[in-house]
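Report on the structure given below.
Just follow the structure's listing: the first ligand is 1, and inside any ligand the first atom is 1.
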Amino acid sequence: MRVRFAPSPTGDLHLGGARTALMNYAFTKAHSNGKFILRIEDTDQERSSRASEEAISKALKACGILWDEGPDCGGALGPYRQSERLDIYKNHIDTLLENRKAYRCFFTDDELAQMKETSGQKIFRLPDTYRSLTQDAAQNLVDQGKPYTIRLDVSQCASEYTFKDMLKDSVVLPSLMVDDFVIYRSNGFPTYNFAAAVDDHLMEMTHVIRGEEHLSNTLRQLMVYDAFDWVPPTFLHMPLIMGRDAEGNPSKLSKRHGDVSVLTFLEKGVLPEAFTNYLLTLGYTYPNNVEMYSLDELISGFDLQYFSKSAAFWDIKKLYWYNTEYLKQMSDDDFFDLAKKYLTPETVPENFYNALETFKACIVYYKAHIELLSELPEHLALFFDPAQELSNESKTYLSDAENAEAFWRVQDALLELIRPDCVFSEVLNQVKEKTGLKGKRLFMSIRVALTNASSGPELSEIVDRVPTDWLLTRLRAFNRES
Ligand code: GLU
């Protein structure tokens with residue numbers, strides 16, 4: 001079994017691509033000796049870049065997707081970058097030209113645009129001008145230096161192509177849906193549909209698994225297989241990942257739904273295992289309603305019947321739910337090590353950064369209280385940013401008159417009692433005595449006064465670690481007018 005992931009390196013890996021890669025990987029690794037191949041489809045030279053290729057590789061590796069053959073590690077059927085396979089395409093083009101399955105088309109872009117405009121046809125069909133040109137006449141034009149593209153002669157193809165999609169019944173694609181399409185550009189580069197079909201054949205792909213949006217490409221690729229008399233691989237077209245519009249109706253996933261780059265999610269602090277788990281649910285329904293599983297677990301119980309047959313909906317809240325669950329499962333030490341990557345001299349002040357170990361218990365508290373690791377600096381600001389406005393949480397607490405009354409009494413008492421080297425448990429008792437408050441209202445008022453939040457790490461953790469002058473500055477920052 002051989003499958004491939006074939007990204008065009010024209011940007012970051014997006015979640016749709018990552019899901020395709022994951023499902024290909026799971027599918028092939030569920031079979032003994034299944035191979036996963038990374039092929040870089042960089043024939044669009046203007047839009048492709050090595051930087052994108054590297055970013056895609058990095059994102060795939062982070063999701064646990066490792067390839068057996070690819071541009072970096074090679075393999076018997078390479079090269080695996082299409083820009084390094086131009087001779088191969090050229091040879092195959094020559095074969096099609098010799099067999100008259102393809103022809104040189106000398107229409108200029110302007111001529112084509114004009115013909116399309118005046119034709120009134122829904123699917124524009126090219127006139128016979130160059131399809132019926134003799135080889136000699138075409139060569140004559142080439143010798144005159146006339147630029148040309150090479151098109152597949154679709155009139156020689158079957159009237160329809162039927163294939164058995166692994167997820168659907170038979171799919172019938174009428175050839176009338178396409179006209180003679182360009183397989184080779186005037187700049188000497190093949191087009192996607194031609195190069196993909198040639199490579200899938202030469203790289204001996206047994207299965208092609210990709211999103212449903214590629215169905216019209218599948219028709220073109222089947223035509224290329226036909227022109228060479230090759231047996232096509234088995235196809236599986238996955239339903240789309242959709243978003244929802246403002247009214248909650250299904251809509252195409254777009255920028256409106258937020259960032260879709262895998263690396264951006266990971267940089268924000270979504271754990272790769274949470275991201276992978278969530279993406280897998282967008283293509284596969286794990287049996288018995290199990291929600292949390294790893295790629296390896298999916299592979300070990302893999303069954304084609306669990307591939308999703310209907311559209312999946314992208315739901316960022318669900319992704320973040322997965323992240324909180326995975327964060328909670330981490331050991332304190334692992335969480336702390338990871339947190340340190342987000343608590344850097346760029347995100348927190350130097351004195352706090354230099355004292356991270358001291359604050360370990362406070363930092364670890366947030367393991368169960370954040371959605372994203374990138375939220376950490378903001379939460380921890382209570383330790384290093386003493387002068388703050390009353391937060392919304394604090395304002396909500398103070399909106400109750402009795403709470404407010406207690407709060408200001410507590411604030412006065414704390415300002416009086418907090419001294420360098422004071423012992424927190426003693427301060428607590430003294431505040432209790434001085435204010436006559438007790439229970440929840442006493443503790444909440446102290447918490448809001450000292451942390452400007454109504455929830456957070458153990459108060460003793462905070463007070464024992466935050467320098468006394470910070471605490472006092474914060475206390476003083478709150479006054480009845482604010
Ligand atoms: N390079 C194509 C893309 O990124 C590959 C599609 C396919 O899997 O054939 O969309």
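- Those atoms of ligand 1 with a heavy atom of E41 less than 4.0 angstrom away are 1 (N), 2 (C), 5 (C).
- In this structure, R4 counts as a contact residue of ligand 1, since one of its heavy atoms falls inside 4.0 Å of the ligand.
- Which parts of ligand 1 touch R210 is read off a 4.0 Å heavy-atom cut-off, strictly below it: atoms 7 (C), 8 (O), 9 (O).
- At a threshold of 4.5 Å between non-hydrogen side-chain atoms, the residues D136 and N140 do not count as touching.
- For D42 (side chain) and Q82 (main-chain N/O), a donor-acceptor pair under 3.5 Å exists by modelled atom type.
- Between T218 and H237, the side chains place a donor N or O and an acceptor N or O closer than 3.5 Å (distance only, hydrogens not considered).
- Checking only distances, A6 does come within under 3.5 Å of ligand 1, N or O to N or O.
- Partner Y293 forms a side chain to side chain contact (heavy atoms under 4.5 Å, CB included) with one of T276, N277, I299 and no other, that one being N277.
- In summary, the atoms of ligand 1 found under 4.0 Å from a heavy atom of S8, numbered by their order in the structure, are 1 (N), 2 (C), 3 (C), 4 (O).
- Here CG of L97 is found 10.0 Å from OH of Y184. Values are rounded to the nearest 0.5 Å.
- Residues satisfying the ring pair (Phe, Tyr, Trp, His ring centres under 6.0 Å) test with F189, not counting sequence neighbours, are none.
- In Y192, the part holding a heavy atom less than 4.0 Å from any atom of ligand 1 is the side chain.
- Residue-ligand proximity: A196 is placed with every non-hydrogen atom at 4.0 Å or more from ligand 1.
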